[in-house]
Each structure stands twice: as structure tokens, then as C-alpha cells.
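Working notes, beginning with the structure itself.
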Amino acid sequence: MNTATALVEQEADIALRGIRSLDDLERLRIYFLGKNGKVTLLMGHLKTLAPEDRKLFGQQINRVKVFIESGISDLKEKLLSTDTPREFFDETLPPIAPRAGALHPITQTLREICQIFTKMGFEIVDGPEIETEFHNFTALNIPLDHPSRESFDTFYTPSKHLLRSQTSTVQIRVMEETKPPIRIIAPGRVYRPDTVDASHSFMFHQIEGLLVDQKVTFSNLKGVLNLFLRELFGSKTKTRFRPHFFPFTEPSVEVDIAWGSRSGWLEILGAGSVDPNVFKAVGYPAGKWQGFAFGLGVERIAMLRHGITDIRHFYENDLRFLRQFS
Ligand code: DAH
């Protein structure tokens, strides 16, 4: 057989075996039998041959043409009879390795903080997210006209309950039910009707701490918080206790750590000695107990530690973000 026709037949044979769809089949038809197709071009070549060669060459081309045409019609029937497209499955390919899941970066930071306090003897406790005004404000010595009670700072339910705006509520719940000594931390979600942006979310996480006993001093508070901050941020971390005001503690402080090369200060938590009015609200006898409390935001700490600049990353569940913490 003439080499040109033999090659085209061979090529068509291989191509027909690789066809998996009607679209592929149509492309193959055009490639061989279309206006500029390989078979069509061979036919054009016929005219250039000497008359005695034409007959044999013509028969050969015709054979190739019939071969391709019948191949196409067989395949077409086959492809049309299977209603779902056939998928190519290569059982020799290596499998895709399964990926293990990982803890969310907020959970990681939260657990790490809790672990530091449990090592110091604090117990982890839980409290409800739907709360009363008494537990979120009144018992915490927050006056009736305090702006944080307004509906633009707290989510209220129609039944006059609210979504807790701080985990300080758990201080009250624990003291209502337990006699000192108390040494607890309470991690959990809190809610505030803030407009969402790079540093605000309507829901975030706090960790509250409370220690109540006899003869508790402000230096005990400083000792515990210094130890905590050095465990979390490194043993050389510098801290600063800056006077502040919270209704439920007296005196109150905000605690900063030195941050960055230009020795700026960054606020990390709020704290103070438990205000006698809080003990009164939970029914403790006056003057018998002393204590200290503190509260911190988990997102803020996770952002600082990982260099995250937008709080919304935590809630969008984008795997490209989350996989960096596995
Ligand atoms: N509840 C405060 C807040 O949400 C944080 C806080 C400050 C808690 C001082 C405390 C504390 O227990 O003593 O901003």
C-alpha cells in the first residue's frame, strides 16, 4: 500500500480509539474527511498522478475513507447509546493523599491560653450566651444609665433577655453558686451590634478570669498576669499596668505589653480587684472576701501572634487561610 494512505489509516485507527465524546468525534471527522481533511487532500493528489497509477491509489484512498466513515458511525452509535458521558478512569494513577483537618486558629489560641491558666490552678467553666440584664450589667455594678446597656451596644431579645456582651457574666454565675475559694477562667462567645470591619465583628471570643479568696492582693493579680503574658508571648515580654476604669473592679487597670522594634505598647487585657458592690450583688458578706478579675479578647491575641490584619478572616472559612494553621 502506498505509504501516504497507510499512514493516514494508521493515524485514524489510533485517533478513533481515543475518542470519548461526540464533540471529539466531530473534530476527528473534520480532521480526516473535512474540506481540508487528510483524506480529502489525498484525493486531490490523485489528479497529479499518471493515469496508470490512479486506479490503484484511488482504491487505496477509498478503502481508508470507508474505514474512517464506518469507524465514525460505529462510535457515534455507541456514544449516543450511553446516556452519561464516559469518564476516563486511569487506575494506574497514584491516589490523592487525604488531608487531615486541623483546629481553627481561634480554638488553638483559646486552648493555649486556657492551658496556661489551668497550669496555675484555674478551672475552666462555661456560662450561657443568652443572659439577663442582671448578670450582664446590674450585678457587675454597671449603672442603669450606662451607655453599654443601650440597644446599639447590646443585642436584646423580645423577652428582655440579651446576648451577653462580655464573659464577665460568668463571674456572677459562678459566685451565685459557689463559695470561695474560687479560681476560674471562662472562655466563650460574646456579641455586640458593631458594624463589621477589619477590626470589628458582631461576635467574638473572650476569656474571663476570676479569683476570690481571703487576703488576695493587687500584687497577686500582677504576678498571675505577668506570668501568663510571659508564657504566651515569651519570657522576655515587658508588661505595663496602666490605671483604667471598669465598674466591676476597683482599682482597675489595662495591661499592655511592649510590642515591635520601636518599643510601642499594646493593650492586651483589662483587670482589677473585684469591686465590693459585685460581692454584694451575689450575696457575699461584706468585707469577708477579696479577689481579682480579668478579661481578654481571643481574636485580638490570635491576630497579634500570627500577624493577621483583618478579623473577618476568622469567620469566612476560606481554606487558603485556615490551612496556614494546620
Ligand atoms: N468585660 C470587659 C470588656 O468586655 C473586660 C474586663 C475588664 C473583664 C476588666 C474583667 C476586668 O474581668 O476586671 O471589655
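Whatever order the structure lists them in is the order used to number ligands and atoms, beginning at 1.
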How far is [atom] from its nearest protein heavy atom, and which residue and atom is that?
| atom | value |
| --- | --- |
| atom 5 (C) of ligand 1 | G295 CA, 4.1 Å |
| atom 11 (C) of ligand 1 | F248 CE1, 3.5 Å |
| atom 2 (C) of ligand 1 | Q166 OE1, 3.7 Å |

* Asked: When you look at CD of Q115, are more than 12 heavy atoms from neighbouring residues, nucleotides or ligands closer to it than 6.0 Å?
  ->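 At most 12 heavy atoms, drawn from other residues, nucleotides or ligands, come within 6.0 Å of this atom.
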* Under 3.5 Å between some N or O of ligand 1 and some N or O of R192? ->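 By distance alone, the answer is yes.
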* **Nearest-option assignment for atom 10 (C) of ligand 1, heavy atoms, candidates E250, E208, Q206, R164** =>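 Among E250, E208, Q206, R164, the closest heavy atom to atom 10 (C) of ligand 1 belongs to E208.
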So, [X] and [Y], do they make that salt bridge, N to O below 4.0 Å?
| X | Y | result |
| --- | --- | --- |
| R27 | D23 | no |
| R164 | E208 | no |
| R312 | D310 | yes |
| E267 | R300 | no |

* How does A293 reach ligand 1, if at all, at less than 4.0 Å between non-hydrogen atoms: by side chain, backbone, both, or neither? ->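 It is both parts that get close, each with some atom under 4.0 Å.
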* Side chain or backbone of F292 under 4.0 Å from ligand 1, or both, or neither, by non-hydrogen atoms? ->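 Answer for F292: neither.
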